[in-house]
There are 2 protein chains.
Amino acid sequence: MRKTRRACNVPDATIHRLPLYLEKLKLLQAIGVEDVSSRQLAESLDIKASQLRHDFHYFGGFSRPGRPYQVDILVPALEQIIGISQPQPTVILGAGHLGQALANYQNLELQGFPVVGIFDVNPKLIGLEIRGQPVRDMDELELLIRDKGVRIAILTVPAANAQAVTDRLVRAGIVGIFNFAPTDLKVPETVVVRNERLAVGIMSLSFRVKCIIEGGYERTDGLVAGE
Amino acid sequence: MRKTRRACNVPDATIHRLPLYLEKLKLLQAIGVEDVSSRQLAESLDIKASQLRHDFHYFGGFSRPGRPYQVDILVPALEQIIGISQPQPTVILGAGHLGQALANYQNLELQGFPVVGIFDVNPKLIGLEIRGQPVRDMDELELLIRDKGVRIAILTVPAANAQAVTDRLVRAGIVGIFNFAPTDLKVPETVVVRNERLAVGIMSLSFRVKCIIEGGYERTDGLVAGE
DNA sequence: AGGCCGCTGTTACGGGATTCACAACGAATC
DNA sequence: GATTCGTTGTGAATCCCGTAACAGCGGCCT
């Protein structure tokens, strides 16, 4: 029984789909749907049913064969896989515009990631209340991380400070860093970083836009008039 | 000479790296570096040199063989490929916390995406100044899009309104939508959507964190002590 | 001038992800 | 009860991306 070990070899592509599955399933759960077939679920997400089953297959049986998936089984199973059976407390580093926006983004808490601390170095920001929480001085960082058992940090500091803050987070025991700073972070192997770069996103969008405008729209069906 | 046509068949993975190349190259340019080899550039981005050359190969020669890449040639070439040789004006739909944060995020303008309009339906927000621009009433949407030639929109409205706003954007001639709402958008084939879902990002991070904590840390080198 | 070194462009290969195909199973219907 | 339909689990095949290898070119040093 080393399923946890095995689960870590799951490809990234599959991992990124798990939250989408969970989101849709919660929606179904909310409106009282009990059963859902792989085809139904997959079509609503614009993917192939076989891929969905393949994804689930990494983690073992969520259903007895011959019968559709049961929403009430799938939701907690996925939550357990993702690691949010219990809420995962998080801290935000950097109370600038983006940090404040994220602190206010109630969807995060709703999805199992309550923000338990917001930190900044700017004295003008310290003490400012955001959704009932004060922006804290960095002095309190280590203590709060330890007290609340925080393992995930959201980094919204300027790129110039990102590495220094990261080092401090790592020393404080943070295991996952959600990095919004436009810079690469160096961390030990025991820490995971996920970069979320807005500029990358909008630029790849721009490329596709240019393709559509310049080259006629892209066709996936191989058919186009006049050629 | 159908390079533009061909360029649209470039894999997504390559497209997502182009902004990273451009970013690093601009940094080099800023400090006066003239030449850069594929190895130098690749190493600083933690990828293989062969992959970088492979990526560039989709678009044709940026350099004469035998000599390293010239920063001053590469930067405008990439900008032209991405479609930001001239600034791409954008509009933001939804002036909530996230919309305001993005409007204040000067990096966007720096990277070639100036925000020329911020819109909301909330009368309390309309008129509010953000970085010198008022939040506008939706009435002005179509006119401004046409006047400024806007092709890219950033969507930060609540999920419930996202599709309605999208339909209106499409009718107004928007070609690319950067969607922060946690919902899928239906658009015609001539419009591109890029979903940026924070919840997905933090959940996949959470999964990796769980793996590290539960299963001992993942090893890519096949070596681990005491087993 | 000649040889050596470093660089890019390009092709070939290997591996991973997606898709397909089918076997095994349950339920409902006739 | 048999049969048909719909479902999942799973291994095979296909496709695509990442990597390696090498050919061709330019400059430099001797």
Side-chain angles (χ1 to χ4, degrees), chain A residues 3 6-18 20-21 25 28 33-74 77-78 81 204 207 218 220-222, chain B residues 3 6-18 20-21 24-25 28 33-75 77-78 81 204 207 218 220-222:
Chain A
K3 203 167 275 183
R6 178 174 162 240
C8 289
N9 295 332
V10 175
D12 265 357
T14 293
I15 301 301
H16 293 329
R17 280 188 293 268
L18 295 184
L20 301 179
Y21 299 149
L25 285 165
L28 293 176
V33 175
E34 292 181 354
D35 295 336
V36 64
S37 71
S38 60
R39 183 181 308 183
Q40 290 171 314
L41 189 52
E43 273 180 4
S44 74
L45 287 165
D46 245 326
I47 63 172
K48 295 279 189 294
S50 56
Q51 178 161 72
L52 188 150
R53 293 199 300 273
H54 210 315
D55 283 343
F56 284 179
H57 181 232
Y58 282 105
F59 306 101
F62 293 145
S63 128
R64 284 178 288 275
R67 287 194 298 184
Y69 296 110
Q70 288 175 258
V71 177
D72 287 339
I73 292 180
L74 225 43
L78 283 174
I81 291 169
S204 50
F207 175 83
E218 195 181 6
T220 52
D221 51 357
Chain B
K3 203 165 276 180
R6 181 172 162 237
C8 288
N9 295 332
V10 175
D12 266 356
T14 292
I15 301 301
H16 292 330
R17 280 188 293 269
L18 294 184
L20 302 179
Y21 299 151
K24 269 280 190 278
L25 284 165
L28 293 177
V33 176
E34 292 181 355
D35 294 336
V36 65
S37 72
S38 60
R39 181 183 307 179
Q40 289 171 315
L41 190 51
E43 273 180 6
S44 73
L45 287 164
D46 244 323
I47 63 173
K48 294 280 188 296
S50 56
Q51 177 162 74
L52 187 150
R53 292 199 300 272
H54 206 329
D55 284 342
F56 284 1
H57 180 232
Y58 281 104
F59 305 101
F62 292 145
S63 128
R64 284 179 288 276
R67 287 192 298 183
Y69 296 109
Q70 289 176 257
V71 177
D72 288 339
I73 291 180
L74 226 43
V75 168
L78 284 174
I81 291 169
S204 50
F207 174 84
E218 195 182 5
T220 52
D221 52 356

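These numbers come from the heavy atoms of this one structure, side chains and all, not from hydrogens, waters or symmetry mates. A, B, ... follow the sequence lines: proteins, then strands. Residue 1 opens every chain.
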- Query: Atom CG of Asp55(A) to atom P of dT8(D): distance rounded to whole Å?
  - Reply: 14 Å
- Message: Working to the nearest 0.5 angstrom, can you tell me the gap between Leu52(A) CG and Ser44(A) OG?
- Response: 9.0 Å
- Query: What are the two closest non-hydrogen atoms of Leu25(B) and Leu78(B), and how far apart are they?
  - Reply: CD1-CD1, 3.5 Å
- Note on the structure: When every non-hydrogen atom of Tyr69(A) is compared with those of Arg53(A), the smallest separation belongs to OH-CG, 3.8 Å
- Message: Expressed as a whole number of angstroms, how long is the span from Asp12(B):CG to dC17(D):P?
- Response: 8 Å
- Starting at OH of Tyr21(A), measure out to CG of Leu45(A) and round the result to the nearest 0.5 Å. 7.0 Å
- Note on the structure: Contact string for nucleotides 19-26 of chain D, one letter per nucleotide 5' to 3', B = base within protein heavy-atom range under 4.0 Å, S = sugar-phosphate only, - = neither, reads BBB--BBS
- Item | Terminal contacting nucleotides, 5' and 3', DNA chain C versus chain A (heavy atom, 4.0 Å) | dA17(C) to dA27(C)
- Using a cut-off of less than 4.0 Å, is there contact between a side-chain N or O of Tyr69(A) and OP1 or OP2 of dG9(D)? yes
- Distance-minimising heavy-atom pair for Asp55(A) and Thr14(A): OD1-OG1, 2.8 Å
- Query: When the ring planes of His54(B) and Tyr58(B) are compared, do they come out parallel, tilted or perpendicular, using 30° and 60° as the limits?
  - Reply: parallel
- Spacing between Asn9(B) atom CG and dC16(D) atom P, to the nearest angstrom: 11 Å
- How would you label the contact of Phe56(A) with the nucleic acid (heavy atoms, under 4.0 Å): base, sugar-phosphate, or nothing? nothing
- Please state how far atom CG in Asp46(B) lies from atom C1' in dG18(D), giving the value in whole angstrom units. 15 Å
- Query: Shortest non-hydrogen contact from Ile81(A) to Phe207(B)?
  - Reply: O-CD1, 3.2 Å
- Query: Tell me the salt bridge (Lys or Arg N to Asp or Glu O under 4.0 Å) pairs involving residues 34-50 of chain A, sequence neighbours left out?
  - Reply: none
